[in-house]
Engineer: 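Sharing a structure here in structure tokens format.
Position 1 is the first residue of the sequence, and the numbers go up from there. Computed from a predicted model, the values in this text were never measured in an experiment.
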Amino acid sequence: MGQLPSSTAGVPSCRRNDVIYQSCGSMAQQDLSVFLSPLMGKKIDDGLCVANGISNLPDDCLACVFQFLAPGDRKRSSLVCRRWLEVEGQSRHRLSLNAQSDLLSAVPSLFSRFDAVTKLSLKCDRRSVSIGDDALILISLRCQNLTRLKLRSCRQLTDSGMESFAMNCKKLKKLSVGSCTFGAKGMNAVVDNCSSLEDLSVKRLRGIADGDSTEPIRPGSASSSLKMISLKDLYNGQCFAPLIIGSKNLRTLRLFRCSGEWDGVLKLVTNNIKGLSEMHLERLQVTDIGLAALSNCENLEILHLIKTPECTNLGLSSMAEKCKLLRKVHIDGWKTNKINDEGLISVAKYCTNLQELVLIGVNLTRVSISPLASNCQKLERLALCGSETIGDVEISCIAAKCTALRKLCIKSCPVSDHGMEALALGCPNLVKVKVKKCKGVTCDGVGWLRASRESLAVNLDALVVENQNQNATVEVVVEDQQPPPAASDIGGGANGGSSSNRRSTSLKARLGLTSGRNLVSCTLRRWSSFNGASASQSH
């Protein structure tokens, strides 16, 4: 099949040649010189394609080439000729469409070209009218091999449309639904017909009303295959309880901002599912009863406990005693002080495999930090945010005992330069330190840390200090702690002290656009030596 010379402005010739060799290298023992000798033997100018060389390239190999291209390049490549258009369409497995109502008329032509799509995303703007049941049913008839579907703001879809879709696309493995209005019947149709479903994410499903009259979501045929369930912003998320409890192979459960009491559901879930390895609980009405119920999940490795004000040290200790495989723990105490040293000491005692610990709004002291550092020898990532009790003493303890620590984040804590000096002498494996909104940490403290640890990357609010190479120039710029300028200086009149003006001034300071009185520039020792060397070379 011959080709006329065509423009390939979106595909640089050198990149195309490299990609051809990479993608075709794994083809079944074919001599690429047969296909590429005309192409390699001629100089390609202005993106012109040599007809004989490319036309001899098999469709499978050309499809592999397209897989290496960025989305924009791939779209432009499909315009080269009819053959490229056809091969590109037949080899595309992922497709994202604007799911407005007028998509219905384009479905036949779209899926005639893209007939191998297995991953489909349908998103509609909230202010527009979305596709309805007719379009979804037509798509399901054209894409019966679909394995992943994402629906966003498709408010015209009903239970009937979802039932038809589920019957046509029984190979579905992942379903993500957000801001749609179909209800329990449509969801039950999916779990009844899609026996391979592994991943289910539901967010703001408005068709599931609050109240006892809501139809429960049954386990269905998907119960044996489901591995992850995520529920967000649901009025009556408890209607999914039968599905969660019946999913015996469930590994990950994420519950975010779902109304209602969840202690009873968590007890039933943990009594029936022993293989849970990841649990996210955020802004839920859950107490120590529900938290202690997690102790039945002895394989639990990841726990996120975010803004659950009724959970205390008692529940955390009960859970930690049995969940000894925990690797990652994130706790946002919401500054209620119900989780503190007592609960963290239990974590340190039993969870010796801990690798990542994030504590937000938790007031812990050296009393719990010391056992955490001593017992959790694998701890590599630590974040301490919004704690009123994390000071230089605690940072010094971390520096002395956390030998495996690689990344440390400190935010809104009463830490000073003395803490930075302690870090400079400890934590031998530390590669990155991030310090934000710690008023006691100054440029001098960062300078000491940087000078002592040349390979360390330090991020302090508006400044970023990184060692690129031995002769790199390092400059640290921080905002001065002087009072803001007068209203007359910024032309703000009565509004000179508004938050918008303060943000604008801060932005200018970060970009270095304000005068010297608003900024303090300090240079590390290497700066002066570098300048001296440069000056001597210039003379």
Engineer: Measure across P371 and R366 and return the closest heavy-atom pair with its distance rounded to 0.1 Å.
Structural biologist: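 Closest heavy-atom pair between P371 and R366: CD-O, 4.2 Å.
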
Engineer: Start with the C-alpha gap between D199 and K173, add the side-chain angles, then the distance that decides, and say whether side chain to side chain contact (heavy atoms under 4.5 Å, CB included) holds.
Structural biologist: CA-CA 6 Å; D199 191 318; K173 292 184 178 181; over 6 Å; no

Engineer: S225 side chain to L197 main-chain N or O, any donor-acceptor pair under 3.5 Å?
Structural biologist: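 Indeed, once roles are kept as given, a pair shorter than 3.5 Å links the two residues.
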
Engineer: Are there over 12 heavy-atom neighbours, none belonging to K248, within less than 6.0 Å of that residue's NZ?
Structural biologist: yes

Engineer: To the nearest 0.5 Å, what is the distance between CG (D263) and OG1 (T287)?
Structural biologist: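 Reported to 0.5 Å precision, the distance equals 3.5 Å.
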
Engineer: Compute whether any side-chain donor of one residue and acceptor of the other, for S121 and R94, lie under 3.5 angstrom apart.
Structural biologist: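 Note: S121 and R94 side chains miss the donor-acceptor criterion.
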
Engineer: Keeping the roles fixed (side chain from N429, backbone from T403), state whether a donor-acceptor pair exists under 3.5 Å.
Structural biologist: yes

Engineer: Just how far is it from atom CG of L316 to atom CG of L344, taken to the nearest 0.5 Å?
Structural biologist: 6.5 Å

Engineer: Using every non-hydrogen atom in the two residues, find where L303 and M319 come nearest and quote the distance to one decimal.
Structural biologist: CD2-CE, 3.3 Å

Engineer: Give every donor-acceptor pair under 3.5 Å between a side-chain atom in residues 351-365 and any protein atom, sequence neighbours left out.
Structural biologist:
from : atom 1 : to   : atom 2 : distance (Å)
N353 : OD1    : K378 : NZ     : 3.3
E356 : OE1    : R381 : NE     : 2.6
E356 : OE1    : R381 : NH2    : 3.4
E356 : OE2    : H330 : NE2    : 2.6
N363 : OD1    : E388 : N      : 3.0
T365 : OG1    : D341 : OD2    : 2.6
T365 : OG1    : V367 : N      : 3.2

Engineer: Judged by atom type as modelled, is there a donor-acceptor pair below 3.5 Å linking the side chain of S318 to the main-chain atoms of L314?
Structural biologist: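 No.
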
Engineer: Where do R155 and D125 come nearest, in terms of heavy atoms and distance?
Structural biologist: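 Taking every non-hydrogen atom into account, NH2-O, 3.5 Å.
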
Engineer: With the threshold set at 4.0 Å, does a side-chain nitrogen-carboxylate oxygen contact exist between K407 and E380?
Structural biologist: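 Salt bridge: no.
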
Engineer: Calculate, to the nearest 0.5 Å, the distance between atoms CG and CG belonging to L449 and L423 respectively.
Structural biologist: 6.0 Å

Engineer: Give a yes or no on whether K227 atom NZ has more than 12 heavy-atom contacts from other residues, nucleotides or ligands under 6.0 Å away.
Structural biologist: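 Atom NZ in K227 is packed in, count exceeds 12.
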
Engineer: Does a sphere of radius 6.0 Å around CD1 in I289 hold more than 12 heavy atoms from other residues, nucleotides or ligands, not counting ones at 6.0 Å or beyond?
Structural biologist: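 Count not over threshold, so no.
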
Engineer: How close do K119 and T147 get, heavy atom to heavy atom, and via which atoms?
Structural biologist: CG-OG1, 4.3 Å

Engineer: Roughly how far apart are T270 OG1 and K322 NZ, rounded to 0.5 Å?
Structural biologist: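 Output value for this atom pair is 11.5 Å.
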
Engineer: Kindly determine whether E278 and R254 satisfy salt bridge (charged side-chain N to carboxylate O under 4.0 Å, His left out), including the steps that lead there.
Structural biologist: CA-CA 8 Å; E278 184 174 348; R254 298 172 181 169; 3.2 Å; yes

Engineer: Considering non-hydrogen atoms only, spot the tightest contact between C258 and L231 and give its length.
Structural biologist: SG-O, 3.6 Å

Engineer: Using the side chain to side chain contact (heavy atoms under 4.5 Å, CB included) rule, pick out the option among L430, L425, V431 that qualifies with R453.
Structural biologist: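 Running side chain to side chain contact (heavy atoms under 4.5 Å, CB included) over L430, L425, V431 with R453 returns exactly one hit, L430.
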
Engineer: Can you check whether G391's main-chain N or O pairs, donor with acceptor, with E394's side chain at less than 3.5 Å?
Structural biologist: yes

Engineer: Taking atom NZ of K437 as the centre, report whether more than 12 heavy atoms of other residues, nucleotides or ligands fall under 6.0 Å from it.
Structural biologist: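 It does not: K437 NZ has 12 such atoms or fewer within range.
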
Engineer: Does a sphere of radius 6.0 Å around CZ in R406 hold more than 12 heavy atoms from other residues, nucleotides or ligands, not counting ones at 6.0 Å or beyond?
Structural biologist: no

Engineer: Does L325 offer a backbone N or O that forms a donor-acceptor pair with the side chain of R327 under 3.5 Å?
Structural biologist: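 The answer is no, because no donor-acceptor pair under 3.5 Å joins these two groups.
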
Engineer: In Å, rounded to the nearest 0.5 Å, how long is the span from CH2 of W334 to NZ of K307?
Structural biologist: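 Between atom CH2 of W334 and atom NZ of K307 there are 6.0 Å.
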
Engineer: Would a distance-only check, ignoring hydrogens and angles, find a side-chain to backbone donor-acceptor pair under 3.5 Å from Q377 to S374?
Structural biologist: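 Indeed, once roles are kept as given, a pair shorter than 3.5 Å links the two residues.
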
Engineer: Keeping K338 on the side-chain end and E310 on the backbone end, is there a donor-acceptor pair under 3.5 Å?
Structural biologist: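 Looks like no, no N/O pair under 3.5 Å.
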
Engineer: In Å, rounded to the nearest 0.5 Å, how long is the span from CG of L384 to CD1 of I390?
Structural biologist: 5.0 Å

Engineer: Could you check if a side-chain atom of E282 sits within less than 4.5 angstrom of a side-chain atom of R257, using non-hydrogen atoms only?
Structural biologist: yes

Engineer: If you compare all heavy atoms of I302 against all heavy atoms of L326, which two are closest, and at what distance to 0.1 Å?
Structural biologist: N-CD2, 3.9 Å

Engineer: Checking S259 side chain against Y235 main chain: does a donor-acceptor pair fall under 3.5 Å?
Structural biologist: yes

